[in-house]
Amino acid sequence: MSTTDTDPEPGTEEPARKGKFTFPSALTVLAIVTVAVWLLAFLIPSGQYDRNDSGAPVQGTYHRVDSGQSFVDRLGDLFLAPVNGLYGIQDEKTSLVAPDNVGALYGSAGVFLFVLAIGAFITVVFATGALDRGIGRLAHRLRDRGALLIAGVMVVFSVLGTVEGFAEETLGFYGLIVPLMLALGYDRMTAVGAIILGAGVGVLCSTVNPFATGVASSAADISLGDGIVLRFAMWIVLTAVTVAYVIRYARRVQRSPERSLSGFLPGDRDQEQSSAGAAEVPELTGLHKAVLIVTALVFAFMIFSVVPWRSALTGDADAEPYGFELGWSFPELAALFLCAAVLVGLVARMGEQKLSSTIVQGAADFVSPALVILLARGVTTIMNNSKITDTVLHSIEGVVKGTSSSLFAIIVFIVNLPLAFLIPSTSGHATLAMPILAPLADFAGVSRAVVVTAWQSASGWMNLWVPTTAVTIGGVALAKVGYDKYLRFVWPLLAVLFVLICGFVALGAAVT
């Protein structure tokens, strides 16, 4: 799943030394943010916009209002923030959020359950060993064709990244990929680039990744399939550029080993360029192949179920949907992945007890990102009840007012870069930022899907290099490559991706 949403794999980081600063977890950061926002609500004036029939704010109608809250009311909001973030109900008349109100669900219960369901599904798939062995077989088959091996591994990781946020799971592949790269005459940095950048660019260009695009789309009140055409085009171009960058570096090292940025450890250059340099990987069994087919079909069906096909094919956002469109959202997708987890377990003949325990374990492993989502949503309930959300929105409106739609999209991307560092959770960042950023798109005459794409691009770009992610720090540690050397390797690519992202989000804003 997406970076920084789960704890690091055991053994991927050195134990923290006494007195050494350790960046706080996503839960701690959001707890601090919750208290900070609650305190700021006493200083920020209350205000609101007039709303249209669809509930979107009307530009130019902002006015000051009295929140009507006493200190006790505000204290109660702070106390109930996590609860409201899960299943708070927004009153239709007062717009206040509370667990016992009558009105529309404001909390993130649907997304919360979806995260647990997909966690159960992914854990069951990994428990079969099919995905690990499938990637291992691909790498082993291409071991004598270096450039094709790099491209194959990176494209597979990128596909997994764009559809399900494949990131921490890559840490298990260094033991296979590093020896293969050394056997082909490459260096350890080539393996690091293939793994971190392959999966990372997929997450950056998430098409239907539930932990990035899914959570952000829900918070922006749009369909998961909105904007998928732009994101898919980004995925193709940015993945191709990233693969080409790593292959170019790998060939340079192969021709001139002294140009390696990581250098070589004793014994690295002794690896023979033959199959002897890589351990034999067990064959895929019929059960493994069946599991991989089922997994691919589940994700393909998920994409089919959420995409607004008529709008995507015609470019008309208001077009009537085709009869075959399902228009599914998080409740249906949660049910889909729970059923899929059971189906994969039955196909793999796991047995009732093992399947049940694996599903429970999978859901438990994903409680952390699920809690991050409800905590972040809890912050927005405090802002909503104190009536400062529209005030913050109004202040940002003044900054972007008068800018072109293309410049607006680029500003959204840039603004989210420091936020992605300060909030070390893709899901938490999305839930916290989208209620503010999405309405800005309405003011700028831009699709909210473009804001989601700009946001996730910022989050993905930062997670390719920031030292607060287990994927980056754990990866370079496993490959025995210095973090400073990795930064030297990756910064030219980061610059290229930065320019490409700005171009894509600007184009997306212009055409919508």
Side-chain angles (χ1 to χ4, degrees), residues 23-51 55-86 88 90-91 93-99 101 106-108 219-220 372-401 411-412 414-425 428-443 451 455 458:
F23 199 85
S25 68
L27 292 172
T28 302
V29 169
L30 282 170
I32 295 172
V33 169
T34 301
V35 175
V37 168
W38 182 76
L39 293 173
L40 285 172
F42 288 94
L43 304 176
I44 300 174
S46 304
Q48 65 184 29
Y49 285 93
D50 294 337
R51 254 61 180 179
V58 178
Q59 190 172 14
T61 63
Y62 173 81
H63 56 281
R64 297 286 178 85
V65 297
D66 181 11
S67 69
Q69 283 194 308
S70 66
F71 178 79
V72 174
D73 293 332
R74 292 174 182 264
L75 198 61
D77 281 344
L78 177 62
F79 180 66
L80 289 174
V83 177
N84 282 328
L86 180 61
Q90 187 168 35
D91 187 272
K93 296 180 179 179
T94 66
S95 296
L96 295 178
V97 177
N101 279 352
Y106 188 89
S108 55
V372 162
I373 291 170
L374 71 87
L375 280 179
R377 191 60 168 171
V379 175
T380 66
T381 65
I382 292 175
M383 296 176 66
N384 175 83
N385 287 357
S386 58
K387 300 187 186 300
I388 64 170
T389 302
D390 283 3
T391 302
V392 176
L393 178 59
H394 178 64
S395 65
I396 301 177
E397 178 194 355
V399 175
V400 301
K401 189 174 183 179
I411 291 174
V412 171
I414 295 174
V415 164
N416 274 287
L417 293 175
L419 286 176
F421 181 85
L422 292 172
I423 305 175
S425 163
H429 181 190
T431 310
L432 194 62
M434 277 302 121
I436 299 294
L437 297 177
L440 284 175
D442 302 334
F443 294 161
V451 173
W455 162 81

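All of these numbers come straight from a predicted model, not from anything done at the bench.
By the side-chain hydrogen bond (donor to acceptor under 3.5 Å, both in side chains) test, N384 pairs with Q90, sequence neighbours left out. D77 meets the side-chain hydrogen bond (donor to acceptor under 3.5 Å, both in side chains) test with Q69, N385; sequence neighbours excluded. Residues meeting the side-chain contact (heavy atoms from CB on, under 4.5 Å) test with F79, sequence neighbours left out: none. For A220, the side-chain contact (heavy atoms from CB on, under 4.5 Å) criterion is met by I222, M434, A438, V452, not counting sequence neighbours. For the side-chain contact (heavy atoms from CB on, under 4.5 Å) test, residues two or more places apart in sequence or in another chain that qualify with T94 are D91, L96. Listed by chain and residue number, Y49 satisfy the ring pair (Phe, Tyr, Trp, His ring centres under 6.0 Å) test with F443 (two or more places apart in sequence, or in another chain).
Separating the OG1 atom in T380 from the CG atom in N84 is a distance of 9.5 Å, to the nearest 0.5 Å. Rounded to the nearest 0.5 angstrom, D390 CG and R64 CZ are separated by 12.0 Å.
Side chain of H63 to main chain of Q48: a donor-acceptor pair is present (N/O by atom type, distance under 3.5 Å, no hydrogens or angles).
When all heavy atoms of R377 and S108 are compared, the pair lying nearest together is CB-OG, 4.0 Å. The shortest heavy-atom contact between G85 and T381 is N-CG2, 4.3 Å. The two residues T391 and G47 make their nearest non-hydrogen contact at OG1-N, 3.4 Å.
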List the atom pairs, with distances to 0.1 Å, where a side-chain N or O of residues 31-46 and a protein N or O form a donor-acceptor pair under 3.5 Å, not counting sequence neighbours.
residue: T34; atom: OG1; partner: L30; partner atom: O; Å: 2.7
residue: W38; atom: NE1; partner: R74; partner atom: O; Å: 2.7
residue: S46; atom: OG; partner: S386; partner atom: O; Å: 3.0

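A 4.5 Å side-chain heavy-atom check between V379 and I382 finds every atom pair outside the cut-off. A heavy-atom distance below 4.5 Å is not found between the side chains of V451 and L440.
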